[in-house]
Amino acid sequence: MTESPNIDILTGLPTSRYYWAILDEMFANDPDDYCMLTLDIEHFSFFNKWYGRKKGDDMLNTIGSFLVAVDRVNGTHSGYMGGDNFSITFKRNAELASDLCAGIRNVISMYPAIDSSFRPFFGGYINNNKEIKPTAIEMYDYTVTAINKAMETMDSDVYWVDDVMAERMQKEIDLMPKIHMAMKNGEFTFFLQPKCFLNSGKIIGAEALVRWVSPTEGMISPGKFIPVMEKNGFITYLDKYVWELVCKTIRRWMDEGRRVLPISVNVSRIDVYALDIVQVFTSLIEKYKVPATFIEIEITESAYVENEAIIKDAEEALKKAGFKILIDDFGSGYSSLNMLKDVDADVLKLDMRFLDLNESNNAKGLQIIGSVLNMAHEIDLPTIAEGIETEFQKQMLTLLGCEYAQGYYFYKPLPIPEYEKLLENPSLVADSAVQQRKLGRSYLNELAEYFWKVAEVNPYTGEYRFIRKFFEPDFITTPRPVNIWEYISRYIKNGFIHQDDITRFQDASCKESLLDQLRMNHRKRRTHIRYFIGDGFRWFAFETIRSNQFSEDNPWMLFAWKEADVDTANREDTLSVMYDAFRTIIKLNPLNGDFSIIKASPKELSDFSEVSKDIFIWAKIFAGRLHTDDMENFYKFIDVVAVRRHFISGG
Ligand code: C2E
Ligand code: MG
Ligand code: MG
């Protein structure tokens, strides 16, 4: 073997540079159709580690000798590209190509140590367009991309690309450095597309949609760059960037005293595998001190189908942390309706664009939407229809009972300042209390957190299901009490209820009282009892609650025990919970009408500062922000005389 700097000693083949030089010269003289095939051995670095460098070198040497022989016999051109990469170029010949692959597989399989984890992968490039004349290096790059494709898809160990595919791949590759620069230069931002009540069109929140504002190419929409970034995994960086931007924006709104409605962000399926999204989101909201309820998380339906287990864990943890989960693009064809039964998302986003819902051809689309909405209603899952463009679609969906909507018919995605301007107009915005009550199923969890013990009780039969309870000794729970009244009598028999409170507790929980409460249409009744826990009795508020959904078919009331705020420490705790939970808190002295503000936004505070101590004057200013239908009730509610009567004379 001649020693030359252009020939690799180990394999006896031209080095990469020399290989490319030979080829380029050959292409210049003979512009015929060539193809190139490149070899890569999966996990080869482990081979060296496990079986020793010597054995690894030995294998490379054998492959090299094989290719030298192939070149001699067939007039092909091989090169050693370093590592475990070999490349061979020849005039287009399908048979030769497949013989070559077979030959190399054969050589590699001769190594007894080799098991299936050291598979050869081949990437091929065929020049079939006479107009395009790639250089040898370009051809090599295409073959490397093709190898990655082969490894990615795993269908076969050979992957061929032609010029059309190669060009597309090249465009994608060229895009990446541009994206890197754009991120550095802060060219990515997001638009906000409002979500509305389908009926009234009033805004309940918005979705953040990423936009690339390029100084040279203008606005680039996500369809152009997200698929590429999902392929190479870079999407995680972009998404984290967008999520942070969203949190930062919400923080600014809070600081400026603006109205904040929940913003949903998109999570790519890649994020779910590659990131600890729970950790990312929780640390973001901690960093910006933004309540979790302001952030909603859209996970596309296809991610659910691809990896149910991972998604379910993430979903559960995110929900526990207080985020709402939306299933995006539902109906895009991946999943069955039955999937809905298993997921625990808060909102379903139904994509109209997948369904042919127009005036001429709507039978099938309507049927699908109808059954999805029925199923969603059954499991108490709110639905938002996406991509609504026409009055007709709106009417159809209204008839089918869909509650929420998002689409060009209502609003297009808007730049942030335009969205801010919209929200300054209260008549465009839905009453936030209504939205909170309706959007989402987490109310049961919240309830459970709030209460010490909660059970659902059938007031007719005494049947019960605990939603939340703590450890209870065997003599309470075994044998299982047949109904709630037997349960309660065991508490009493075993001394858990303070002597003086037993009658009151029995009165409050007995069947007659419950039926009374229903008859009189009282939503809630409360009494205070002392319950024995740990080393003594503590005060608890015991409530029987008639749920909003109560009906003969769904006859469940709630029995709830909540620790009463009997001492100062507890009371302070309750206050801080209140402080977090409410937007504005006013303290009112019902004897003289004096009031003071405990919590308000900076904007409200500055409005209030002008105001005298009379709550009515304040209310008049405040009333400008109220829904006109609610004005009268509001005045009644804050009427000092009424307040006094309610609290002092026990009204
Ligand atoms: P998506 O999450 O389903 O978002 C809805 C898309 O539908 C948006 O397209 C929106 O502009 C468009 N749209 C809304 N109403 C209508 C309508 O009435 N008619 C029609 N024809 N289209 C409507 P956009 O902004 O181009 O986003 C496309 C997709 O890119 C999104 O679909 C989402 O999957 C993805 N995406 C957007 N932003 C992000 C992001 O920050 N991260 C990730 N991972 N994906 C994002
Ligand atoms: Mg979305
Ligand atoms: Mg969608």
Side-chain angles (χ1 to χ4, degrees), residues 179 182-183 187-196 198 201 203 205-213 219-249 262-275 277 280-281 284 295-304 324-335 345-358 372 383-394 396-397 404-416 418-419:
I179 291 176
M183 281 195 67
E187 290 169 23
F188 285 98
T189 179
F190 61 88
F191 273 25
L192 287 165
Q193 185 176 32
K195 299 175 191 174
C196 311
L198 183 63
I203 302 171
E207 173 177 8
L209 295 158
V210 68
R211 292 292 181 267
W212 177 359
V213 188
M219 176 110 74
I220 306 172
S221 64
K224 290 258 166 55
F225 53 89
I226 285 194
V228 180
M229 296 175 86
E230 282 186 334
K231 269 189 225 158
N232 61 27
F234 202 74
I235 187 71
T236 58
Y237 295 94
L238 179 69
D239 278 342
K240 278 196 284 185
Y241 179 83
V242 172
W243 304 338
E244 175 146 16
L245 217 54
V246 168
C247 289
K248 220 189 252 181
T249 308
I263 301 294
S264 62
V265 297
N266 287 283
V267 167
S268 155
R269 49 182 235 291
I270 312 295
D271 298 328
V272 181
Y273 310 138
L275 296 175
I277 52 173
V280 173
F281 277 107
L284 275 178
I295 307 283
E296 298 180 348
I297 294 167
E298 298 198 2
I299 303 179
T300 171
E301 174 210 63
S302 55
Y304 275 91
K324 263 186 197 138
I325 309 289
L326 289 69
I327 304 182
D328 203 357
D329 306 324
F330 191 83
S332 54
Y334 289 92
S335 57
D346 298 288
V347 180
L348 190 66
K349 296 192 81 176
L350 191 59
D351 206 315
M352 289 305 105
R353 285 164 303 162
F354 297 118
L355 305 164
D356 203 0
L357 191 63
N358 60 50
V372 172
T383 320
I384 174 161
E386 272 190 283
I388 297 197
E389 294 181 348
T390 64
E391 171 72 28
F392 172 77
Q393 291 176 331
K394 185 194 141 181
M396 282 302 117
L397 286 161
Y404 306 102
Q406 183 186 358
Y408 296 166
Y409 178 82
F410 297 96
Y411 298 97
K412 293 208 158 155
L414 305 168
I416 301 167
E418 277 182 43
Y419 175 78

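Quick caveat, the model's predicted, so the values are computed rather than measured. Start at 1 and go down the list; that is how both ligands and their atoms are numbered.
- Protein atoms that are N, O or S and lie under 2.8 Å from the Mg ion (ligand 2) are these: Glu207 OE2, Asn266 OD1, Glu298 OE1, Asp328 OD2.
- Atom CG of Leu238 sits about 6.0 Å away from atom CD1 of Ile226, to the nearest 0.5 Å.
- Between Phe330 atom CZ and Glu386 atom CD the span is 12.5 Å, to the nearest 0.5 Å.
- Ring-plane geometry between Phe225 and Phe188 is classed as perpendicular, the angle between the planes exceeding 60 degrees on a 0 to 90 degree scale with a lower cut at 30.
- Among Arg269, Lys324, Lys195, the single residue meeting the salt bridge (charged side-chain N to carboxylate O under 4.0 Å, His left out) criterion with Glu298 is Lys195.
- For ligand 1, the 4.0 Å heavy-atom shell takes in Gln193, Glu207, Leu209, Val210, Arg211, Pro222, Ile226, Ile235, Asp239, Val242, Asn266, Ser268, Glu298, Asp328, Asp329, Arg353, Glu386, Gly387, Ile388, Glu389, Gly407, Tyr408, Pro413, ordered by chain and residue number.
- No side-chain N or O of Lys349 forms a donor-acceptor pair with one of Ser264 less than 3.5 Å apart.
- The distance from atom CD1 of Ile295 to atom SG of Cys247, rounded to the nearest 0.5 Å, is 4.0 Å.
- You'll find the side chain of Met352 stays beyond 4.5 Å of the side chain of Glu389, heavy atoms only.
- Of the inter-residue distances, the one linking Ile416 atom CD1 with Thr189 atom OG1 reads 4.0 Å to the nearest 0.5 angstrom.
- Here Leu192 contributes atom CG and Tyr411 contributes atom OH; the two are 13.0 Å apart, rounded to the nearest 0.5 Å.
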